[in-house]
Amino acid sequence: MNNLEKTTLQVSGMSCNHCVSAVEVSVGKLKGVNSVQVNLDSGTVLVEYDPSGLSLDTIKEEIEEQGYDVV
């Protein structure tokens with residue numbers, strides 16, 4: 001993966017380790033994602049991905065499909 005981009009998304013609705021796991025696993029499975037880190041305390045998701053093969057909107061949609069809101 002070349003030219004990786006990092007973005008931090010503010011996500012509401014995450015309250016436990018299950019939430020962290022659900023987001024990390026589902027987003028991590030997207031083609032083009034290099035890494036995902038959820039910080040439960042700050043309600044953020046740091047995603048490193050290849051923007052040439054994956055859009056930020058797709059990442060946001062995946063998080064929302066897990067039941068959380070990208071602010």
Side-chain angles (χ1 to χ4, degrees):
M1 287 184 216
N2 299 343
N3 301 322
L4 293 177
E5 192 169 303
K6 283 186 180 179
T7 190
T8 301
L9 302 170
Q10 194 70 39
V11 179
S12 66
M14 298 185 300
S15 61
C16 64
N17 286 333
H18 171 76
C19 302
V20 171
S21 178
V23 171
E24 287 181 343
V25 170
S26 66
V27 173
K29 287 181 179 178
L30 293 173
K31 184 176 174 135
V33 170
N34 188 52
S35 67
V36 184
Q37 292 177 313
V38 175
N39 184 317
L40 195 57
D41 293 332
S42 64
T44 58
V45 178
L46 173 64
V47 183
E48 184 179 45
Y49 68 102
D50 181 357
S52 68
L54 180 64
S55 72
L56 187 55
D57 285 341
T58 301
I59 295 169
K60 291 177 180 178
E61 287 168 9
E62 185 63 35
I63 293 170
E64 290 172 350
E65 282 181 19
Q66 298 305 311
Y68 309 106
D69 295 317
V70 178
V71 183

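Atom set for the values below is all heavy atoms of this structure, side chains included, hydrogens, waters and symmetry mates excluded.
- Under the 3.5 Å distance criterion, the side-chain polar atoms of Glu24 are matched with a main-chain donor or acceptor of Val38.
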Test side-chain contact (heavy atoms from CB on, under 4.5 Å) applied to Glu64 and Val70, step by step:
CA-CA 7 Å; Glu64 290 172 350; Val70 178; 3.9 Å; yes
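- Of the inter-residue distances, the one linking Tyr49 atom OH with Asn34 atom CG reads 12.5 Å to the nearest 0.5 angstrom.
- Here the shortest heavy-atom pairing between Glu5 and Pro51 reads OE1-CG, 3.6 Å.
- Note on Leu56 and Val36: same hydrophobic cluster, where clusters join Ile, Leu, Val, Met, Phe, Trp and Tyr whose side-chain heavy atoms are under 4.5 Å apart, directly or indirectly.
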Can Val33 and Leu54 be said to form a side-chain contact (heavy atoms from CB on, under 4.5 Å), step by step?
CA-CA 8 Å; Val33 170; Leu54 180 64; 3.4 Å; yes
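- Checked by atom type and distance alone, the side chain of Gln66 never pairs as donor or acceptor with a backbone atom of Cys19 at under 3.5 Å.
- Scanning both residues, Met14 and Val45, for their nearest heavy atoms gives CE-CG2, 4.2 Å.
- Here the CD atom belonging to Glu61 is positioned 10.0 Å from the CG atom belonging to Leu30, to the nearest 0.5 angstrom.
- With hydrogens and angles ignored, the 3.5 Å screen pairs a side-chain donor or acceptor of Asn39 with a backbone N or O of Asp41.
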Could you go step by step and tell me if Asp50 and Ser52 meet the side chain to side chain donor-acceptor pair (under 3.5 Å) rule?
CA-CA 5 Å; Asp50 181 357; Ser52 68; 2.7 Å; yes
Worked verdict on Leu9 versus Leu46 for side-chain contact (heavy atoms from CB on, under 4.5 Å)
CA-CA 6 Å; Leu9 302 170; Leu46 173 64; over 6 Å; no
I would like to know whether Val23 and Val11 meet side-chain contact (heavy atoms from CB on, under 4.5 Å); could you show each step before the answer?
CA-CA 10 Å; Val23 171; Val11 179; 5.6 Å; no
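- To the nearest 0.5 angstrom, Ile59 atom CD1 is 11.0 Å from Ser26 atom OG.
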